[in-house]
Amino acid sequence: MDNLRHARTLISEASQVVSFSGAGLSAESGIATFRDPDGVWSKVDPAVYASAAGFRARPNEVSEWYGHRRRTLAMTNPNAAHLALAATNWQLHITQNVDNLLERAGANNVVHLHGVLDHDRCQNGCGYHCAVDLSNPPALHTCPDCGSMVRPDVVWFGEMLPELAWHLAETAIEQADVTVVIGTSGEVWPAAGLIGGARTVIAINREPTKIGRHAAVELIGPAATVVPALVSPADPNTR
Ligand code: NAD
Ligand code: ZN
């Protein structure tokens, strides 16, 4: 049996399936990954642009960079992989991505482990939280409730993951018969550790990975080709 058929059989026999995605899921929408050789971290310093200390030291630059990322996201569309996932009846789509492309593809059961670009929150943690218009993101501003700076609602290096998202993801992965891991390097912790709790893993990546080596099935190829091929209309787990 070839790998794709094997993976499809695992999914059709499963009563609960979840997806766990990383930056590779959105790469073909035109959003750069972080750790690949041509990724974001080859161009900007994560210590400045992805840490609370960087934001405190250079708030205008960080805010402008997020403004650029937000405008780019606003001009981007979900790809065939997002659309295929959104059309399944899988229990949960767990993503490390901070974009909203799964939601824009029509998925309403998405959990974001690393926050979202389409919201801001108070840096001081006073509870202030607001939606952001991605096509017209706000300039650096202060919190209306406590006067601290307002920052993107994303998880930066050294920060805790949102508790509810973590709990939902951990529980769903433990309960799922199959976890489909898509486009992630598996090097971002603690998120990558969740995969260790999965019963059966189907790993999809454009290149072989550590996660793939330990998976029941590894499917090598671009997400926008492989995911739709895996999630075919003939699959009883697809609505
Ligand atoms: P990563 O950048 O560390 O790794 C991306 C992985 O995707 C690599 O293993 C690469 O081989 C694979 N990949 C690249 N293009 C692919 C394609 N077309 N099809 C299949 N696989 C492909 O990303 P990560 O593991 O998700 O971790 C980076 C962190 O950075 C994430 O936690 C996330 O928060 C953040 N991030 C988010 C976005 C986004 O929201 N779209 C983009 C970049 C980074
Ligand atoms: Zn505040």
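Each ligand, and each atom within it, is numbered from 1 in the order the structure gives. The chain is numbered in sequence order, starting from 1.
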Exercise. Over all heavy atoms of both residues, which pair between Leu113 and Gln96 is shortest? Give the atoms and the distance, please.
Key: CD1-CG, 4.4 Å

Quiz item: Is any protein N, O or S atom closer than 2.8 Å to the Zn ion (ligand 2), and if so, which?
Solution: Cys122 SG, Cys126 SG, Cys143 SG, Cys146 SG

Exercise. Would you mind checking if Glu64 and Arg71 are paired as a salt bridge, meaning a charged N to carboxylate O distance below 4.0 Å?
Key: no

Practice problem: Would you check if there is a donor-acceptor pair between the side chains of Asp120 and His129 at a distance under 3.5 Å? | Solution: no

Quiz item: In terms of side-chain geometry, is the basic nitrogen of Arg206 or Asp36 positioned less than 4.0 Å from the acidic oxygen of its partner?
Solution: yes

Quiz item: Regarding Arg58 and the six-membered ring of Trp65, is the cationic atom NZ or CZ under 6.0 Å from the ring centre and inside 45° of its axis?
Solution: no

Exercise. Quick one, list the residues around ligand 1 where some non-hydrogen atom comes in under 4.0 Å, by chain and residue number.
Key: Gly22, Ala23, Gly24, Ser26, Ala27, Glu28, Ile31, Ala32, Thr33, Phe34, Arg35, Asp36, Gln96, Asn97, Val98, Asp99, His114, Gly183, Thr184, Ser185, Val188, Asn205, Arg206, Glu207, Gly221, Pro222, Ala223

Practice problem: Verify the distance criterion only: is there a donor paired with an acceptor across the side chains of His93 and Ser19 at less than 3.5 Å? | Solution: yes

Quiz item: Hey, what's the ring geometry for Trp156 with Tyr66, parallel, tilted or perpendicular (30° and 60° as the breaks)?
Solution: tilted

Quiz item: Are Ser21 and Thr95 linked by a side-chain donor-acceptor pair shorter than 3.5 Å?
Solution: yes

Quiz item: Which atom pair, heavy atoms only, marks the closest approach of Val17 to Trp90?
Solution: O-CB, 3.2 Å

